[in-house]
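Below: the structure, in structure tokens.
Residue numbers run from 1 in the order of the sequence given. Computed from a predicted model, the values in this text were never measured in an experiment.
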Amino acid sequence: MVPEAWRSGLVSTGRVVGVLLLLGALHKASAAVIRYEILEEREKGFAVGNVVRDLGLDLGSLSARRLRVVSGASRRFFEVNWETGEMFVNDRLDREELCGTLPSCTITLELVVERPLELFSAEVVIQDINDNNPSFPTREMKLEISEAVAPGTRFPLESAHDPDVGSNSLQTYELSRNEYFALRVQTREDSTKYAELVLERALDREREPDLQLVLTALDGGAPARSASLPIRIVVLDANDNAPTFNQSLYRARVLEDAPPGTRVVQVHATDLDEGPNGEIIYSFGSHNRAGVRELFSLDLVTGVLTVKGRLDFEDAKLHEIYIQAKDKGASPEGAHCKVLVEVVDVNDNAPEITVTSVYSPVPEDAPLGTVIALLSVTDLDAGENGLVTCEVPPGLPFSLTSSLKNYFTLKTSAALDRETVPEYNLSITARDAGTPSLSALTTVQVQVSDINDNPPQSSQSSYDVYVEENNLPGVPILNLSVWDPDAPQNARLSFFLLEQGAEIGLVGRYFTINRDSGVVSSLVPLDHEDRRAFELTAHISDGGTPVLATNISVNIFVTDRNDNAPQVLYPRPGQSSVEMLPRGTSAGHVVTRVVGWDPDAGHNAWLSYSLLGAPNQSLFAVGLHTGQVSTARPVQDTDSPRQTLTVLIKDNGEPSLSTTATLTVSVIEESPEARAEFPSGSAPREQNKNLTFYLLLSLILVSVGFAVTVLGVIVFKVYKWKQSRDLYRAPVSSLYRTPGPSLHADAVRGGLLPPHLYHQVYLTTDSRRSDPLLKKPGAASPLASRQNTLRSLDPVFYRQVLGAESSPPGQQAPPNTDWRFSQAQRPGTSGSQNGDETGTWPNNQFDTEMLQAMILASASEAADGSSTLGGSAGTMGLSARYGPQFTLQHVPDYRQNVYIPGSNATLTNAAGKRDGKAPAGGNGNKKKSGKKEKK
């Protein structure tokens with residue numbers, strides 16, 4: 001794409017480099033560089049080029065994307081017109097001020113657009129114009145030349161200086177007409193020109209003691225500019241030997257931070273003359289560049305060149321110094337040499353950080369890799385001293401990446417949380433690779449904006465509020481302590497009351513809550529006697545989007561206050577009640593009892609009774625806490641036949657409330673039958689004493705019996721536990737093992753533990769070396785577990801396991817009232833079993849343990865439904881596994897020790913099944929036959 005300056009004709013087409021055509025084809029790539037050329041000293045507002053068209057941007061969105069020009073200079077030389085997309089001159093452009101004597105002057109610019117953030121590079125080449133005249137360092141030059149100087153001798157002249165470059169710089173020198181000297185123009189290594197005066201004809205002091213010449217310096221501008229230097233030549237007497245240097249070129253290296261006085265190099269010249277004509281004085285040459293005398297010092301006698309000023313590698317990497325040597329003769333002659341001083345760079349410039357764009361605040365849910373800021377870093381040093389790296393402190397959710405040279409992008413590397421850190425002051429450090437390393441520090445402030453990611457929080461999940469009844473409506477009873485860690489807008493809370501359960505209308509009828517403050521108040525006075533507790537739910541929602549909410553359980557308990565007077569239950573108020581009292585009744589006789597009731601609770605409902613009024617206060621007494629009305633003394637004949645008693649019933653509240661009960665006692669004459677039965681009046685008292693003795697005796701016997709029963713059960717349990725432990729500690733043989741991997745044993749309830757403590761226990765055949773697995777904690781009962789296990793089995797086998805008259809689940813049998821067994825049915829050697837029977841009871845510990853193992857194995861197979869009941873009835877499958885000699889005759893029947901509470905299932909012994917007899921039903925007391933049929 002051709003720049004605007006080219007099309008307008010203000011820039012020569014010959015100056016436009018060919019790379020512009022390539023950049024025009026690739027203008028849409030953000031990494032491409034567009035280049036413009038412009039003459040220096042252009043007026044402010046001069047259009048350089050249309051960057052929007054060259055970059056392929058949309059002119060309509062230019063204002064919204066905030067296109068701006070960024071450069072490393074402190075002055076803003078260029079700006080972009082958002083309406084036309086043209087970049088124009090914003091400040092004076094002086095090529096000599098910007099670039100000095102550099103042959104090429106280029107200003108590097110960065111074009112930054114936002115939304116999305118993009119970066120483009122541009123270069124503006126400042127072309128030189130001939131706006132500076134050449135100048136000489138002195139107004140007049142004086143040369144002293146001996147007449148003995150041979151033709152061809154060269155004399156260096158003062159060099160002119162032109163700030164312009166290229167064709168506008170100093171191009172040549174001209175010398176005025178004369179017959180002795182000619183002018184030779186020489187070129188330095190940096191392409192600058194200097195003039196030398198060449199003697200073409202020997203001088204004759206006697207003929208011409210001095211000469212006046214004019215040296216003119218011309219540049220290559222159009223039109224050319226010039227400067228003139230008058231030269232006065234004084235012809236001296238002859239001094240035929242001039243000093244000579246041992247070498248014409250000296251080279252030296254010096255660090256740019258070398259302090260003043262540092263030795264650089266020593267030049268040496270010799271003169272064959274003697275006396276003053278042979279003594280040499282060193283001095284700087286006439287055509288040294290400006291600034292050399294400020295940076296270096298030369299010893300006039302020794303020729304030692306030392307550092308005088310502050311060297312700067314960034315200003316000049318090489319210094320070219322011309323030194324001349326003259327003798328002290330009457331007509332001194334000079335010799336010249338050149339010293340090239342190379343300045344070695346040191347790391348003396350710290351990096352500079354410029355933050356060009358900052359995206360703040362950042363939402364706390366910003367995805368990883370969100371661009372926060374764009375930074376540019378510059379270092380004036382060269383080589384490794386100019387290599388810069390940037391870093392952020394560790395442990396922060398940010399990282400720096402470099403997309404272009406000396407440009408870094410600050411991005412998010414982890415999730416942000418405003419509630420944890422609402423603001424970051426990032427200290428970004430730029431460090432170069434020099435030794436020692438130099439660094440720069442800048443701070444970027446990043447604020448984190450809030451999103452609604454936290455529900456309301458409370459210090460407790462439920463509140464228990466105790467409110468005294470008859471409270472004042474509208475008075476606060478609870479202030480919910482709830483907060484939201486989000487920002488103020490998202491943390492604005494709204495409170496609502498909801499009902500729990502099926503009850504509705506409690507909130508609107510009894511309670512209300514302030515939607516803003518969370519203060520719960522009652523709408524009506526509460527009544528403990530009407531309702532003692534309310535279960536509500538406080539629903540708290542915030543003001544964010546989406547709305548987050550929290551529920552808090554609120555339990556309101558209404559406490560009692562003494563607001564109800566006692567009520568009389570007996571005698572009923574309003575009904576006439578007359579109690580009969582025979583004359584001659586002894587003291588302590590209970591006439592009647594006054595019964596009161598108080599609707600209040602706790603201490604407020606504790607009632608006390610007292611006799612408030614009676615015709616004869618000494619006749620009757622009222623129990624303080626029982627309300628019993630009894631005679632305080634024997635009833636005498638002089639007592640009134642009708643007594644009206646007033647009993648005061650008072651509660652224990654503060655203040656105490658009371659009521660009265662009125663009853664009528666009619667004193668009647670004692671009947672002859674009663675007098676004949678108790679002639680002395682002491683028989684009833686003796687009868688009461690005997691009754692008390694019998695009651696105490698019965699209570700003692702029942703207590704002793706209960707204690708003996710509990711002790712016996714405990715002893716039995718300990719015995720069974722020791723027996724089972726001995727079983728599991730016994731050596732394990734193949735005879736005890738079952739084919740299955742585990743044994744399923746249901747714990748049998750002994751009547752001492754509550755149902756929720758029973759478990760189904762799985763034990764391996766080697767359980768003494770393994771842990772029990774509690775499969776079903778909290779089973780309803782062992783019997784239920786056992787019935788569930790055998791639910792799917794055959795009823796015949798079910799009866800074999802549980803008894804002849806037991807029924808499977810769902811077929812309940814009538815209760816069996818006779819749990820007694822005959823002597824023949826009881827296990828152990830003390831039974832009356834005959835020795836000649838086929839079945840023989842185990843008579844040692846090994847047989848007993850073997851038999852128990854077989855029973856457990858068979859029960860496990862029956863419960864799993866995996867075994868085949870191949871044995872005959874009454875064998876529990878033992879004959880099929882262990883042979884016909886093992887039948888239920890070998891099995892001790894422990895069911896006489898089993899009590900199954902809450903069940904009417906009938907457990908009988910196997911003998912009843914074998915005898916074919918059914919147990920007696922109903923409540924009869926018939927005994928079972930103790931005889932056993934021999935097999």
I'd like to know if the side chain of [X] reaches the main chain of [Y], judged simply by a donor and an acceptor atom lying under 3.5 Å from each other, with no hydrogens or angles considered.
{"X": "E86", "Y": "A47", "answer": "no"}
{"X": "T559", "Y": "V467", "answer": "yes"}
{"X": "E118", "Y": "V113", "answer": "no"}
{"X": "T443", "Y": "S427", "answer": "no"}
{"X": "T412", "Y": "A414", "answer": "no"}
{"X": "R65", "Y": "P116", "answer": "yes"}
{"X": "E364", "Y": "I451", "answer": "yes"}
{"X": "D542", "Y": "L548", "answer": "yes"}
{"X": "T512", "Y": "S521", "answer": "no"}
{"X": "S360", "Y": "Q447", "answer": "yes"}

Take atom [atom1] in [X]; do more than 12 heavy atoms of anything else shown fall under 6.0 Å from it?
{"X": "Q460", "atom1": "CD", "answer": "yes"}
{"X": "E654", "atom1": "CD", "answer": "no"}
{"X": "E384", "atom1": "CD", "answer": "no"}
{"X": "R66", "atom1": "CZ", "answer": "no"}

(message) For the residue pair E110 / S121, report whether a side-chain donor-acceptor contact shorter than 3.5 Å exists.
(response)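 E110 and S121 do have a side-chain donor-acceptor pair below 3.5 Å.
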(request) Answer yes if the side chains of N454 and D486 hold a donor-acceptor pair under 3.5 Å, and no otherwise. (result) yes
Could you check if a side-chain atom of [X] sits within less than 4.5 angstrom of a side-chain atom of [Y], using non-hydrogen atoms only?
{"X": "L416", "Y": "V362", "value": "yes"}
{"X": "E529", "Y": "D563", "value": "yes"}
{"X": "F78", "Y": "I107", "value": "yes"}
{"X": "D484", "Y": "R492", "value": "no"}

(request) Considering only NZ, NE, NH1 and NH2 on the basic side and carboxylate oxygens on the acidic side, decide whether R561 and E469 come within less than 4.0 Å. (result)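 No, no charged N to carboxylate O under 4.0 Å.
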(message) Measuring from atom CD1 of I540 to atom CG of L497, what distance do you get when rounded to the nearest 0.5 angstrom?
(response) 9.0 Å
(request) Fit a plane to each ring of H539 and F496, take the angle between them on a 0 to 90° scale, and name the class: parallel (under 30°), tilted (30 to 60°) or perpendicular (over 60°). (result) tilted
(message) Using every non-hydrogen atom in the two residues, find where T401 and K411 come nearest and quote the distance to one decimal.
(response)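 For T401 versus K411, the nearest heavy atoms are OG1-CE, 3.7 Å.
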(request) Indicate the atoms forming the closest heavy-atom contact of E391 with R431, along with that distance. (result) OE2-NH2, 3.5 Å
(message) Distance to the ring centre below 6.0 angstrom and angle to the axis at most 45 degrees; does that hold for K317 and F313?
(response) yes
